[in-house]
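Working notes, structure below.
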Amino acid sequence: MGTDKLQFRSIDPSKLPKHFDAPEAEQRWDRFWEERAIFAWDPNRPRDETFVIDTPPPTVSGSLHIGHVFSYTHTDVLARYKRMKGLNVFYPMGWDDNGLPTERRVQNYFHVRCDPSAPFEEVLEVEPASAKQRKSHPRLVSRPNFIELCERVTVEDEKAFEGLFRRLGLSIDWRQQYATIDRHCRLISQRSFRDLYEKGHLYNRDAPTAWDVDFQTAVAQAEMEERSRPGAFHHVEFAVEGDTGRFVIATTRPELLPACVGVTAHPDDPRYQDLFGKNAVTPLFRVPVPIFPSELADPEKGTGILMVCTFGDQTDVQWWREEGLALRQLIGRNGTLMPVAFGNDEFPSADADAANRYYAEIAGKGVNQARKLIVELLRDPDGAAAVGGGAPLQAEPEPIEHNVKFYEKGDRPLELVPTRQWFVRLLDKQSALLAKGEQVQWHPKFMYSRFRDWTEGLNADWCISRQRYFGVPIPVWYRLDESGVPDYDGVLVAEPERMPVDPTTDVPTGFDEGQRDQPGGFTGESDIFDTWFTSSLTPQIGSHWSLDAERHGKLFPADIRPQSHEIIRTWAFYTIAKAMLHEDEIPWRHVVISGWVLDPDRKKMSKSQGNVLTPMPLIEKFTADGARYWSASARLGTDTAADEKVFKVGKRLATKLFNAGKFVLGQTAEVHPVQTELDRAFVAKLRGLIERVTASFEDFNHAQALSDTEAFFWTHFTDSYLELAKTRARGEAGDGEAERGSAVASLRLGLDVLLRLFAPFLPYISEEVWSWAFAVEKGESSIHRAAWPSAAELDGFDAPATEASFDVAVACWNAINKAKADSEVSMGREVEALTIAADAETLAGLEPVLGDVLAATRCRAHTLAADASVEAGSFAVREVRFAPKPD
RNA sequence: UGGCACGUAGCUCAGUGGUAGAGCGCCGCCUUGACACGGCGGAGGCCGGCAGUUCAAUCCUGCCCGUGCCAACCA
């Protein structure tokens with residue numbers, strides 16, 4: 001026979017290093033994958049063979065933190081699994097460089113501020129600012145120069161991110177890269193605007209809008225957060241016009257008193273029945289304002305009657321609209337009290353001189369300072385609303401803790417400032433949005449409730465304009481009438497073919513540059529889009545929506561959207577909204593939500609607490625596979641502590657694979673089929689593992705898949721099967737070549753299958769061991785392109801007499817090991833003789849695997865004893881005599 | 001105040017309507033021809049509390065307590 005001379009493709013273990021050099025291997029394999037384009041998406045394959053990932057574009061101006069490792073690994077594990085399943089994986093990478101975080105970073109880094117009126121400098125020379133420079137005033141640079149600096153910084157930041165992601169082994173197709181500020185994204189984003197405009201989903205409006213006084217830009221509902229802040233109730237006495245009546249309102253914002261435009265109480269409140277319809281007079285400023293009833297006033301709160309100002313909060317806006325109240329805007333865009341004069345139609349007063357005197361005290365001040373000052377003014381009896389009323393401030397302010405709305409990136413409370421803004425109409429589409437959200441499958445399921453709660457609680461349309469610089473320009477111009485006033489209804493939207501445009505430098509069709517800002521001409525919109533307006537298009541950015549119908553058809557909707565839960569209300573929500581508004585579609589079939597990374601003490605990581613972990617040192621210390629192991633051990637949606645112990649376990653697992661691979665592939669033997677009972681039983685067990693792990697992956701449960709694979713590898717493979725088959729594999733058991741070949745064949749099969757099951761989690765070590773022999777043997781140079789193990793693969797193997805053979809062998813081996821441990825002898829000590837007791841049935845089951853057990857335990861002579869008192873399936877070892885310890 | 005999630009060994013976490021699991025840590029032993037970046041053995045838990053459903057509850061239901069997140073309350 002010619003075949004019995006055929007040898008397994010083995011390796012010489014002595015030529016391998018003693019220890020796995022992970023840092024070296026990580027760089028080597030990253031290059032290999034890149035050169036061979038292992039992760040390249042093939043545009044020619046059909047949609048049903050494609051798996052599309054809508055990758056989160058990280059904010060590159062933010063610092064790298066361990067959370068990036070965590071959630072991106074979750075995605076990558078799935079990507080690698082799907083690729084091995086034979087799917088054509090589309091796995092792009094985007095960088096979110098657009099917007100405020102970058103601006104802020106540039107401002108700090110170079111110590112500059114953007115001043116649109118500053119002259120453009122052809123060659124801008126700026127260096128990172130020194131501590132000394134930071135003490136002086138920031139340098140003012142033009143908008144184009146500022147944008148140039150933003151681009152300079154983001155290029156550097158992107159490199160850092162790419163470096164991390166490559167080192168981590170993310171199987172990204174780096175040819176599919178985008179940045180949310182690049183030409184392609186500006187184009188898609190502006191086309192999105194045009195499409196929404198044509199469909200009637202957009203409007204612009206001059207109205208009170210949430211405004212950050214530091215960034216000096218409007219902010220959307222989704223970007224607000226509430227922070228608990230100390231405040232105080234101030235009780236202030238008002239008078240009634242033409243009457244002797246007085247009443248006391250309670251307010252936390254006394255500085256808005258000059259902006260008081262009305263007073264309201266609940267219509268059923270018996271205390272204030274006779275006031276409705278009359279005018280109140282404010283103290284200090286003596287402004288007459290209407291008193292009206294409103295269901296929104298709560299008789300239980302404060303004194304039950306309150307002042308309405310332009311604008312203290314959202315309810316003020318509502319009252320202002322519904323009651324048609326005056327507009328007395330006090331707080332300017334920079335957060336200080338604007339100069340106003342009393343004694344005219346806008347700011348009427350019964351005593352303008354006094355009003356102006358009081359106001360002069362607080363004009364130009366910031367909100368906090370103005371509040372302190374006005375409290376003092378309210379102590380002045382002369383300031384009473386009615387003659388002889390005494391000091392308007394009743395008693396001392398009563399301190400309270402209350403929640404105040406902030407821009408999530410801001411440092412001072414939001415103000416409501418009337419400004420012209422663009423909005424996407426969403427409030428009228430809540431139920432349609434909910435239906436779309438329901439069509440998407442959320443993993444874990446309960447995360448849908450976050451989306452639902454947010455959508456149901458929506459209280460404002462989406463404000464998409466920002467008064468900033470580094471972002472996608474809103475592609476519109478406005479006609480100017482003969483007196484130079486913009487016509488905000490006659491909007492000139494750029495044509496799709498001309499996009500992307502910058503209306504501050506490009507000219508609308510039919511006009512020329514000379515007409516810019518001239519009466520009868522046009523003016524360009526200088527606002528940019530909210531970052532989310534672009535980020536909400538990542539599926540379309542990848543699919544080239546509106547540019548390439550064929551590609552779009554293959555890549556949209558995407559299969560999965562991985563993201564974390566805190567941005568469900570922004571990124572997930574807006575993306576669902578866009579897909580619905582553009583094509584009445586869902587943007588992806590599944591949303592895969594990662595939890596948060598907590599610090600080792602299970603506290604939320606935050607910069608202010610200084611407990612943020614940077615990823616590279618952890619990767620250096622525990623290897624990329626170790627870091628991935630930690631990430632992948634966490635179930636979706638579960639907040640997870642960055643516990644070094646878990647990283648360590650991952651690193652240890654990779655080492656174990658290295659060593660096990662070295663042993664298994666180091667065995668030389670003739671090629672024979674798997675035929676010995678123990679080997680067949682092992683293969684049967686392996687089949688069960690493949691089925692369970694595959695099912696877990698299909699169920700988006702990567703953590704279970706990893707845990708099952710790891711447990712099998714450690715418990716069944718290295719700690720038992722490998723030990724039991726070892727002697728036979730080495731040909732030391734005195735069996736024939738067929739038995740030896742069987743052992744080696746099944747050891748290799750076990751290694752082969754386990755490596756492939758581990759490959760999505762531990763791409764480096766699995767590729768390394770794969771490369772030693774399987775790459776050539778299987779004709780697949782990268783394990784990451786190898787077929788995912790299937791039960792069908794094992795169909796050609798003969799079944800064992802009974803699958804229980806494996807467990808019986810292990811139970812007996814464990815019992816003998818325990819006897820050795822109890823006698824404190826090494827596991828390698830030879831046994832001269834022992835008695836193995838078990839019930840008759842168990843004993844019979846042991847027979848076909850007994851040889852391997854005796855060989856593995858180095859047992860020279862044995863007696864089998866049937867003993868019904870021993871529990872079925874287990875063994876008692878008696879009358880053990882150990883050989884003397886060899887010299 | 002409401003919604004969601006979580007509460008299991010010292011720590012980090014799995015898990016199941018039928019005698020409770022892993023890793024780390026701890027204790028004892030073993031320098032074994034893949035691996036001391038190992039191996040073997042062991043100790044350690046009224047599965048947050050109280051009720052209910054069930055033959056049987058750590059698991060299902062209700063209430064309570066605690067933790068986290070989200071949202072509301074913001075005069």
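Note that the structure is a prediction, hence the values are computed from the model and not measured. Chain letters run A, B, ... following the sequence lines, proteins first and then strands; every chain starts at 1.
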Report, one pair per line, the protein and nucleotides 68-70 of chain B atoms (nitrogen or oxygen only) whose separation is under 3.5 Å.
residue, atom, partner, partner atom, Å
rC69(B), O2', Arg450(A), NH1, 3.4
rC69(B), O2', Arg450(A), NH2, 3.4

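For the C1' atoms, the distance from rG3(B) to rG45(B) is 32 Å, rounded to whole Å. Distance check on atom P: rG42(B) versus rU61(B) gives 37 Å, rounded to whole Å. For rG68(B) and rU54(B), the P atoms lie 38 Å apart once the distance is rounded to whole Å. Between the C1' atoms of rC11(B) and rU32(B), the separation comes to 32 Å (whole Å). Taking atom C1' in both rG62(B) and rG25(B), the straight-line distance is 39 Å, to the nearest Å. For the P atoms, the distance linking rG44(B) with rA20(B) amounts to 14 Å, nearest Å. One C1' atom belongs to rC46(B), the other to rU58(B), and the distance between them is 11 Å to the nearest Å. Taking atom C1' on both nucleotides, rC26(B) is separated from rA43(B) by 9 Å, rounded to a whole Å.
Residue-level contact check: Leu722(A) touches the bases, meaning some heavy atom is under 4.0 Å from a base atom. Residue Thr315(A) is classed as having no contact, given no heavy-atom separation below 4.0 Å to the nucleic acid. Asp719(A) comes within 4.0 angstrom of the backbone, heavy atoms only, and of no base. At a threshold of 4.0 angstrom between heavy atoms, the contacts of Lys648(A) are confined to the sugar-phosphate backbone, with no base atom among them. Using a 4.0 Å heavy-atom cutoff across all strands shown, Arg253(A) reaches no nucleic acid atom at all. Nucleic acid contact class of Phe233(A) (heavy atoms, under 4.0 Å, all strands): sugar-phosphate only. When heavy atoms are screened at a 4.0 angstrom cut-off, His402(A) is found touching the sugar-phosphate backbone but no base atom. Within the 4.0 angstrom heavy-atom criterion, only backbone atoms of the sugar-phosphate kind lie near Ala641(A); the bases stay farther away. Counting any heavy atom pair closer than 4.0 Å across all strands shown, Glu723(A) reaches a base atom. Base engagement by Ala297(A) is indicated by at least one non-hydrogen atom pair under 4.0 Å involving a base atom.
Ring geometry for His716(A) versus Phe712(A): interplanar angle over 60°, hence perpendicular rather than tilted (30 to 60°). By the 30° and 60° cut-offs, the orientation of the rings of Phe573(A) relative to Phe451(A) is tilted. Taking the six-membered ring for Trp and thresholds of 30 and 60 degrees, Phe247(A) and Tyr272(A) have ring planes more than 60 degrees apart, a perpendicular arrangement.
Between Glu824(A) atom CD and rG41(B) atom C1' there is a gap of 10 Å when expressed in whole angstrom units. Computed from coordinates, the His234(A) NE2 to rC74(B) P distance equals 18 Å when rounded to whole Å. Distance CD1 (Ile568(A)) to C1' (rC4(B)): 11 Å, rounded to an integer number of Å. Taking atom CG of residue Asn817(A) and atom P of nucleotide rC40(B), one finds them 7 Å apart after rounding to whole Å. In this structure, Phe647(A) places its CZ atom 14 Å from C1' of rC24(B), rounding to the nearest Å. For the pair Glu644(A) CD and rG25(B) P, the interatomic distance rounds to 13 Å; values are reported in whole Å. Atom pair Lys18(A):NZ and rA34(B):C1' shows a separation of 9 Å (rounding to whole Å applied). Asp822(A) has its CG atom 10 Å from the P atom of rG41(B), to the nearest Å.
With sequence neighbours excluded, the residues that form a ring-ring contact (aromatic ring centres under 6.0 Å, His included) with Trp630(A) are Phe70(A), Phe647(A). Under the rule for a side-chain hydrogen bond (donor to acceptor under 3.5 Å, both in side chains), the partners of Ser594(A) that lie at least two apart in sequence or sit in another chain are His74(A).
For the residue pair Asp12(A) / Ser14(A), a side-chain donor-acceptor distance below 3.5 Å is found, with atom types taken as modelled. Side chain to side chain, Gln221(A) and Trp462(A) fail the donor-acceptor criterion of an N or O pair below 3.5 Å. Side-chain polar atoms of Ser228(A) and Glu401(A) form a donor-acceptor pair below 3.5 angstrom. Residues Gln314(A) and Gln318(A) bring no donor and acceptor atom of their side chains to less than 3.5 Å of each other.
No N or O donor and acceptor, one from the side chain of Lys820(A) and one from the base of rC40(B), sit under 3.5 Å apart.
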Derivation and outcome, side-chain hydrogen bond (donor to acceptor under 3.5 Å, both in side chains), residues Glu710(A) and Tyr629(A): CA-CA 10 Å; Glu710(A) 179 190 17; Tyr629(A) 172 88; 2.8 Å; yes

CA sep, side-chain torsions, deciding dist, call: Ser294(A), Trp319(A), side-chain hydrogen bond (donor to acceptor under 3.5 Å, both in side chains): CA-CA 8 Å; Ser294(A) 168; Trp319(A) 281 314; 2.8 Å; yes

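Taking the ring axis of Phe663(A) as reference, the NZ or CZ atom of Lys726(A) stays within 45° of it and closer than 6.0 Å to the ring centre. Taking the ring axis of Phe406(A) as reference, the NZ or CZ atom of Arg227(A) stays within 45° of it and closer than 6.0 Å to the ring centre.
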Secondary-structure string, 5' to 3', Watson-Crick or G-U under 3.5 Å, | for another-strand partners, for RNA chain B: (((((((..((((....[..)))).(((((.......))))).....(((((..]....))))))))))))....

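For Phe311(A) against Leu256(A), the heavy-atom pair with the smallest separation is O-CD1, 3.9 Å.
Around the CD atom of Glu226(A), the shell of radius 6.0 Å holds more than 12 heavy atoms that belong to other residues, nucleotides or ligands. Within 6.0 Å of CZ in Arg858(A) there are 12 or fewer heavy atoms belonging to other residues, nucleotides or ligands.
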Contact state string [nucleotides 14-22 of chain B, B base, S sugar-phosphate only, - no protein heavy atom under 4.0 Å]: SS-------

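Rounded to the nearest 0.5 Å, atoms CD (Gln394(A)) and CG (Leu378(A)) are 10.0 Å apart.
The listed nucleotides are rC74(B), rG33(B), rC37(B); the one nearest the side chain of Glu226(A) is rC74(B). Comparing rC24(B), rU12(B), rC30(B) by their closest approach to the side chain of Val646(A) singles out rU12(B). Listed nucleotides rG41(B), rA34(B), rG23(B) differ in distance to Thr718(A); the shortest reach to its side chain belongs to rA34(B). In this structure, the nucleotide among rC37(B), rC24(B), rA34(B) sitting nearest to the side chain of His19(A) is rC37(B).
The phosphate of rC74(B) has neither OP1 nor OP2 within less than 4.0 Å of any side-chain N or O from Lys405(A). OP1 or OP2 of rU31(B) has at least one side-chain nitrogen or oxygen of Lys885(A) nearer than 4.0 Å. Side-chain N/O atoms of Trp714(A) include none lying less than 4.0 angstrom from OP1 or OP2 on rC35(B).
Within residues 651-659 of chain A, the residues that place at least one heavy atom under 4.0 Å from RNA chain B are, in residue-number order, Arg652(A), Thr655(A), Lys656(A), Asn659(A).
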